[in-house]
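Values below: all heavy atoms of this structure, side chains included; hydrogens, waters and symmetry mates excluded.
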Amino acid sequence: MNYKEFFNEAEERDVTLTLDNPKTSISHRLSNEALFHLPLIAMTILLLSKSRSKPKSDEIGQLIGECFERAFKGFKGSSQYLGWSANLRMRTVKALTFLETANLIEVDIQDSRIKVTDMGKKVISKAIDDDTDLGYNLRVIEQKYRDIRAEKQIAIGIV
């Protein structure tokens with residue numbers, strides 16, 4: 001069936017589509033609870049810790065919140081600041097503890113930077129390289145993290 005045949009048949013059968021008026025429809029936004037799943041948080045920690053600019057353990061909750069706000073459309077323009085969420089920070093600590101126990105990351109005692117282990121690199125590389133929704137979203141989060149780091153460097157005048 002070609003384009004014209006499709007529309008002719010739809011007209012003959014009196015097919016109609018009722019669409020919401022975008023000006024009157026309610027905007028659906030994600031709540032803070034929507035992204036607080038430990039596996040996603042753990043994968044994000046692995047992702048951030050494999051970059052050249054290693055995050056500090058005391059800033060990881062804020063960074064994950066900022067990355068999620070930028071990466072996921074439901075948070076754009078939201079009045080909620082995910083990076084300040086106590087719930088996200090508590091779950092981030094749980095994910096960090098799990099990753100450390102599983103020997104996927106190490107926290108440097110001297111500068112508190114989170115560093116990915118060889119096994120952690122294999123896990124996150126496999127997830128990123130897969131052609132799945134998770135891989136795509138992790139690549140988006142990775143880019144947003146680079147953007148955040150670049151913005152901070154520009155703000156303090158390094159670049």
Side-chain angles (χ1 to χ4, degrees), residues 20-159:
D20 291 338
N21 183 348
K23 294 178 182 174
T24 60
S25 69
I26 297 172
S27 176
H28 296 287
R29 300 208 181 271
L30 295 174
S31 69
N32 281 351
E33 301 297 321
L35 295 174
F36 288 166
H37 299 286
L38 288 176
L40 179 60
I41 294 170
M43 293 302 280
T44 304
I45 292 170
L46 278 175
L47 181 72
L48 302 185
S49 65
K50 86 166 188 66
S51 68
R52 275 189 289 146
S53 178
K54 311 281 187 229
K56 289 186 174 183
S57 60
D58 60 351
E59 67 182 7
I60 193 72
Q62 178 73 30
L63 281 172
I64 289 175
E66 284 182 50
C67 288
F68 283 2
E69 283 175 352
R70 292 178 182 213
F72 300 114
K73 291 181 182 183
F75 286 108
K76 290 184 177 152
S78 173
S79 62
Q80 303 169 353
Y81 293 103
L82 191 57
W84 291 101
S85 168
N87 195 0
L88 175 63
R89 289 172 184 246
M90 288 187 308
R91 293 194 182 214
T92 301
V93 169
K94 288 180 183 179
L96 195 60
T97 303
F98 164 75
L99 292 170
E100 203 169 11
T101 304
N103 294 319
L104 297 174
I105 61 165
E106 296 172 346
V107 178
D108 190 327
I109 296 171
Q110 298 182 330
D111 64 1
S112 75
R113 300 246 178 229
I114 302 169
K115 299 174 183 168
V116 69
T117 64
D118 289 338
M119 188 176 4
K121 283 180 189 175
K122 289 178 185 175
V123 170
I124 195 64
S125 293
K126 173 101 171 92
I128 290 173
D129 293 341
D130 280 350
D131 191 24
T132 61
D133 287 342
L134 176 62
Y136 170 77
N137 285 312
L138 288 173
R139 288 187 296 274
V140 170
I141 292 169
E142 185 175 38
Q143 181 59 50
K144 299 305 176 186
Y145 178 62
R146 277 192 230 121
D147 294 347
I148 290 167
R149 286 299 188 194
E151 288 170 15
K152 287 183 180 179
Q153 288 179 344
I154 290 169
I156 61 173
I158 291 177
V159 176

Engineer: Is Arg70 salt-bridged to Asp147, cutoff N-O under 4.0 Å?
Structural biologist: no
Engineer: Report yes or no: does Thr92 contribute a side-chain atom to a donor-acceptor pair with the main-chain N or O of Gly61 at less than 3.5 Å?
Structural biologist: no
Engineer: So does Val107 get a backbone contact from the side chain of Arg113, meaning a donor-acceptor N/O pair under 3.5 Å?
Structural biologist: no
Engineer: Do the charged groups of Asp130 and Lys126 touch, with an N to O distance under 4.0 Å?
Structural biologist: yes
Engineer: Indicate yes or no for a side-chain donor-acceptor contact from Tyr145 to the backbone of Ser53 under 3.5 Å, with no hydrogens or angles considered.
Structural biologist: yes
Engineer: Would one find more than 12 heavy atoms of other residues, nucleotides or ligands at under 6.0 Å from atom CG of Asp58?
Structural biologist: yes
Engineer: Answer yes or no: is there a side-chain heavy-atom contact under 4.5 Å between His37 and Arg91?
Structural biologist: no
Engineer: For the residue pair Ile141 and Phe68, establish whether any side-chain heavy-atom pair is separated by less than 4.5 Å.
Structural biologist: yes
Engineer: So which atom in Lys152 and which in Leu63 form the shortest heavy-atom distance, rounded to 0.1 Å?
Structural biologist: NZ-CD2, 4.0 Å
Engineer: Which atom pair, heavy atoms only, marks the closest approach of Leu48 to Cys67?
Structural biologist: CD2-SG, 4.3 Å
Engineer: List the atom of Leu47, the atom of Glu142, and the distance in Å for their closest heavy-atom pair.
Structural biologist: CD2-N, 3.6 Å
Engineer: Are Lys54 and Glu59 close enough for a salt bridge, meaning some N to O gap below 4.0 Å?
Structural biologist: no
Engineer: Quick one: does any side-chain atom of Ser49 pair with a main-chain N or O of Ile114 as donor and acceptor, under 3.5 Å?
Structural biologist: no
